[in-house]
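Remarks on the structure that follows.
Being a predicted model, the structure only gives us computed values, none of them experimental.
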Protein chains: 2
Amino acid sequence: MLHLLITPDIILLVVRDSIQILQAQGYKITKPRKQVLKALEETQEPLSPYDIQRILRQQGKYLNHVTIYRILDLFRRLNLAHRVLSSGGFVKCALRDKQGCHRLMVCRCCGALQEFIDDKLCQHESELAQNSGFHTEYHLSESSGICSDCYKKQ
Amino acid sequence: MLHLLITPDIILLVVRDSIQILQAQGYKITKPRKQVLKALEETQEPLSPYDIQRILRQQGKYLNHVTIYRILDLFRRLNLAHRVLSSGGFVKCALRDKQGCHRLMVCRCCGALQEFIDDKLCQHESELAQNSGFHTEYHLSESSGICSDCYKKQ
DNA sequence: GCTTAATTGCAACAATGTTGCATTTATTGA
DNA sequence: TCAATAAATGCAACATTGTTGCAATTAAGC
């Protein structure tokens, strides 16, 4: 899965996109924030705060773990990144819908993950909740299974 | 939400149900396992392993935290309990479907949660994943929002 | 009641997450 | 370009959560 070809150009583009969002909301564009953003961009797997610290350290960059926690928390609030529920790691949001719904497919063999959005699905799920009087604001969902690559190999 | 009237009788019933499942699979019915089961039964909110330790300690019962981790892990494998993804706490499974899908509604005001199952929804979500060649085994999903009680109060 | 395999407790440790406060830095406007 | 300042980071110290190996205990079956 994740056959996305992520060239340096594309990464730069997405990073710039996130930076604009930060700026627009009045947040400073600091070196640590750019570094965390870049680490998230360059890695497909979910990264825990300490994972990010390790990755950056290997590149000779040192960030205090407290700083990373605070940055990730900010990214999450701004919907620039989100936490993969089952593993606890952070990934950069690939898709952004207005409500902040996240749906992931996670391969239990290789760990690859892919994000998807589907309005109809959200609508259906919200209706079911509504039947119990529940007012849904957003959905988080993870489909666990096997990706096409791993399926072929078996 | 959670208007379920949990009388001591009912709790006993559900605990006994879980115990039978343990027994059927060849696991021993030990005092610690019964205590953890009871703690999960008597509490609606998700409980972390250390939460459970604190609750039991208040009742004069001491369990080593390692034991609790191992018991919860067993319960999870047997689908007797599952982890609430967003909070990390454990709840006893209210509903059990063959595949092990879990869908929760979590109120962001009062924290109340309610489990639900819907075959059609699972089917739809699986189909969407199938379009990317992904073979879904089970779904975990959480709807975040406001329960009817909290909604009225606003 | 024994036997024994499963389970628990313990110790020691590793990893993760939090708080308050001093220091540094990105932005703004003179 | 530089000073002012509010925001952001680093640091220290700590709290919580999670893991491993091994010895002691216990539930289940005879």
Note to self: Please evaluate residues A:Ser143 and A:Arg103 with respect to the criterion side-chain contact (heavy atoms from CB on, under 4.5 Å), reporting the C-alpha separation (whole Å), side-chain torsions for both, the decisive distance (0.1 Å), and the verdict.
What the structure shows: CA-CA 8 Å; A:Ser143 301; A:Arg103 296 189 184 274; over 6 Å; no

Note to self: Could you check whether A:Glu125 and B:Ser141, counting side-chain N and O atoms only, form a donor-acceptor pair closer than 3.5 Å?
What the structure shows: yes

Checklist line | Pair of N/O donor and acceptor under 3.5 Å linking C:dG9 base with B:Arg70 side chain | finding: yes

Next item on the list: Please check if the distance between the ring centroids of B:Tyr50 and B:His65 is under 6.0 Å.
Entry: yes

Notebook entry, point to check: Looking at C:dT27, C:dT8, C:dG9, which one has an atom nearest to any side-chain atom of B:Asn64?
Noted result: C:dG9

Margin query: For a quick test of reading the model: is some side-chain N or O of A:Thr30 closer than 4.0 Å to OP1 or OP2 of D:dA7?
Written below: no

Next item on the list: Would you kindly say whether A:Ser48 and A:Asp51 are connected by a side-chain donor-acceptor distance under 3.5 Å?
Entry: yes

Item checked: Closest listed nucleotide, where the reference is the side chain of A:Tyr62 and the choices are D:dT9, C:dA5, D:dC11 -> D:dC11

Notebook entry, point to check: Are A:Arg70 and A:Asp73 within salt-bridge range, i.e. N to O under 4.0 Å?
Noted result: no

Notebook entry, point to check: After noting the C-alpha distance and the side-chain angles of A:Phe75 and A:Leu40, does the key distance pass the side-chain contact (heavy atoms from CB on, under 4.5 Å) rule?
Noted result: CA-CA 11 Å; A:Phe75 286 2; A:Leu40 286 176; 4.2 Å; yes

Item checked: B:Pro32, nearest nucleotide to its side chain (from D:dA28, C:dT8, D:dG10) -> C:dT8

Are any protein N/O atoms closer than 3.5 Å to N/O atoms in nucleotides 16-19 of chain D? If there are, list each pair with its distance.
unit_1 : atom_1 : unit_2  : atom_2 : d
D:dG18 : OP1    : B:Arg83 : NH2    : 3.4
D:dG18 : OP2    : B:Tyr69 : OH     : 2.4
D:dG18 : O5'    : B:Tyr69 : OH     : 2.9
D:dG18 : N7     : B:Tyr50 : OH     : 3.0
D:dT19 : O4     : B:His65 : NE2    : 2.9

